[in-house]
Amino acid sequence: MIIIGVSGVIGSGKSTMLEHLNKMDGVKVIEADKISKLVLNDESIKEFLRDQISEVIENNEINRSLLRNKVFNDHELNEKFTSKMWPLISKEINNLISKLNLNYYKLVFVEAAVITGLQVKFDKTILLEKENNKRIKSVQFRDKRDHQEIESISKFQMEKIKNYKFDFILENNSNKEKFYKDIDNLINKIKK
């Protein structure tokens, strides 16, 4: 089994890549973002939030939009928050990987905008890139977020991955069919 980390800033094509990978036999996709939503309910995280930014908790529920706004606009708070979250997310991902059927799954793709925070042993890593204006337009359309929020998230993510040495860089500046073909070609290269 080959464990592959997939990274890229918001709007670079991670969801599109995962959509394609999920159709393949023998491929498992693990999304750190989905796991992070579960981990947010961990009592140690709620305790941290109550202590550091209590306004994001309303009726014992976390307002994720407000949390995202607070965390992505305060570098020090972000560092504290991710230092609590990433170990829990990593533990869940490693647990999922350990339970996989090795006879069926040949490739495991672990997706996270910032894989540098994950404590997962990757055999290969991929960085997805997309032209800035295309990336921002696609996020505005998909998520209905404003330009400022996208820039803030992008800046944080770029800073976190800028010094990481990725094995492959995959550009996503064309249409979906070409991107899928490029993904397939890269997978064939990785399998060799």
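Note that this is a predicted model, so its numbers are computed, not measured.
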Checklist entry - Under 6.0 Å from the CD atom of E76, do we count more than 12 heavy atoms belonging to anything else shown? => result no
Next on the checklist: Taking atom CD as the centre, does Q148 end up with more than 12 heavy-atom neighbours from other residues, nucleotides or ligands that are less than 6.0 angstrom away?
Outcome noted: no
Next on the checklist: Count I, L, V, M, F, W, Y as connected when their side-chain heavy atoms are under 4.5 Å apart, and connections chain through other members. Are I45 and L38 then in the same cluster?
Outcome noted: no
Next on the checklist: For a side chain to side chain contact (heavy atoms under 4.5 Å, CB included) check, start with the C-alpha distance between L18 and S15, then their side-chain angles and the critical distance, and finish with the verdict.
Outcome noted: CA-CA 5 Å; L18 300 184; S15 297; 5.7 Å; no
Next on the checklist: Given 3.5 Å as the limit, does a donor-acceptor pair link the side chain of D42 with the main chain of S44, or not?
Outcome noted: yes
Next on the checklist: Return the NZ to CE distance between K176 and M17, rounded to the nearest 0.5 Å.
Outcome noted: 14.0 Å
Item to check | Closest non-hydrogen atom pair, E92 against V39 | outcome: CG-CG2, 4.3 Å
Item to check | Salt-bridge criterion met for E131 and K137 (N-O under 4.0 Å) | outcome: no
Item to check | Nearest-0.5 Å distance that lies between atom CG in L100 and atom CG in L102 | outcome: 7.5 Å
Checklist entry - How many angstroms lie between CG in L66 and CD1 in I57, if you round to the nearest 0.5 Å? => result 10.5 Å
Checklist entry - NZ of K28 to CG of N22: how many Å apart, nearest 0.5 Å? => result 8.0 Å
Checklist entry - Under a single-linkage definition using a 4.5 Å side-chain heavy-atom cutoff for Ile, Leu, Val, Met, Phe, Trp and Tyr, are L118 and M85 assigned to the same hydrophobic cluster? => result yes
Next on the checklist: Please evaluate residues S65 and R68 with respect to the criterion side chain to side chain contact (heavy atoms under 4.5 Å, CB included), reporting the C-alpha separation (whole Å), side-chain torsions for both, the decisive distance (0.1 Å), and the verdict.
Outcome noted: CA-CA 5 Å; S65 178; R68 184 173 44 247; 3.9 Å; yes
Checklist entry - With distance as the sole test, does S54 use its side chain to make a donor-acceptor pair with the main-chain N or O of D51 at under 3.5 Å? => result no
Item to check | Heavy-atom closest contact (E111 atom, A113 atom, distance) | outcome: OE2-N, 3.9 Å
Next on the checklist: One pair to check against side chain to side chain contact (heavy atoms under 4.5 Å, CB included): I35 and L96. What are the steps and the verdict?
Outcome noted: CA-CA 10 Å; I35 292 172; L96 286 171; 3.8 Å; yes
Checklist entry - Counting distance only, does the side-chain N/O of E58 pair as donor-acceptor with the main-chain N or O of N63 below 3.5 Å? => result no
Checklist outcome for this item: For F109 and L21, the nearest pair of non-hydrogen atoms, with its separation, is CG-CD1, 3.5 Å
Checklist entry - Do K106 and K191 pass the side chain to side chain contact (heavy atoms under 4.5 Å, CB included) test, and can you show the C-alpha distance, the side-chain angles, and the key distance before you say yes or no? => result CA-CA 9 Å; K106 303 301 179 203; K191 284 181 177 177; 5.9 Å; no
Checklist entry - Do the side chain of K144 and the main chain of F141 share a donor and acceptor less than 3.5 angstrom apart? => result yes
Checklist entry - Is the count of non-hydrogen atoms from other residues, nucleotides or ligands lying under 6.0 Å from K99 atom NZ greater than 12? => result no
Item to check | Taking every non-hydrogen atom, the tightest pair across Y164 and T125 | outcome: OH-CG2, 3.3 Å
Next on the checklist: Can you tell me how the ring of F156 sits relative to the ring of F72, calling it parallel under 30°, perpendicular over 60° and tilted otherwise?
Outcome noted: perpendicular
Next on the checklist: Tell me whether K46 forms a cation-pi arrangement with F48, defined as NZ or CZ under 6.0 Å from the six-membered ring centre and within 45 degrees of its axis.
Outcome noted: no
Next on the checklist: Grouping I, L, V, M, F, W and Y whenever their side-chain heavy atoms are under 4.5 Å apart, do V27 and I93 come out in a common cluster?
Outcome noted: no
Checklist entry - Are E31 and K14 close enough for a salt bridge, meaning some N to O gap below 4.0 Å? => result no
Next on the checklist: Heavy-atom count check: over 12 atoms from other residues, nucleotides or ligands less than 6.0 Å from Q119 CD?
Outcome noted: yes
Item to check | Rounded distance [0.5 Å steps], CD1 in I126 versus CD1 in I115 | outcome: 9.0 Å
Checklist entry - Is I187 linked to L127 within one hydrophobic cluster, defined over Ile, Leu, Val, Met, Phe, Trp and Tyr using a side-chain heavy-atom separation of less than 4.5 Å? => result no
Item to check | Atom CZ of R64 with >12 non-hydrogen neighbours under 6.0 angstrom | outcome: no
Checklist entry - Is the backbone N or O of E149 less than 3.5 Å from a side-chain atom of S152, with the two atoms forming a donor-acceptor pair by type? => result no
Checklist entry - Under the 3.5 angstrom rule, does the side chain of D74 hit a backbone N or O of K70 as a donor-acceptor pair? => result no
Checklist entry - How about F81 and N78: do any of their side-chain heavy atoms sit closer than 4.5 Å? => result no
Next on the checklist: Checking the side chain of N172 only, and the main-chain atoms of K130 only, is there a donor and an acceptor separated by less than 3.5 Å?
Outcome noted: no
Next on the checklist: Are more than 12 heavy atoms, taken from residues, nucleotides or ligands other than K155, located less than 6.0 Å from that residue's NZ atom?
Outcome noted: no
Checklist outcome for this item: All heavy atoms of D123 vs all of M1, minimum pair found to be OD2-O, 3.8 Å
Item to check | Closest approach of T16 to Y180 (non-hydrogen atoms, all atoms of both residues) | outcome: O-CE2, 3.6 Å
Checklist entry - Can you tell me if NZ on K124 sees more than 12 non-hydrogen neighbours from other groups inside 6.0 Å? => result no
Checklist entry - Charged N to carboxylate O below 4.0 Å: is that the case for E151 and R145? => result no
Checklist entry - Do I136 and I10 share a hydrophobic cluster (ILVMFWY, side-chain heavy atoms under 4.5 Å, transitive)? => result yes
Item to check | Atom pair CG/CG of L107 and D25 - distance to nearest 0.5 Å | outcome: 11.5 Å
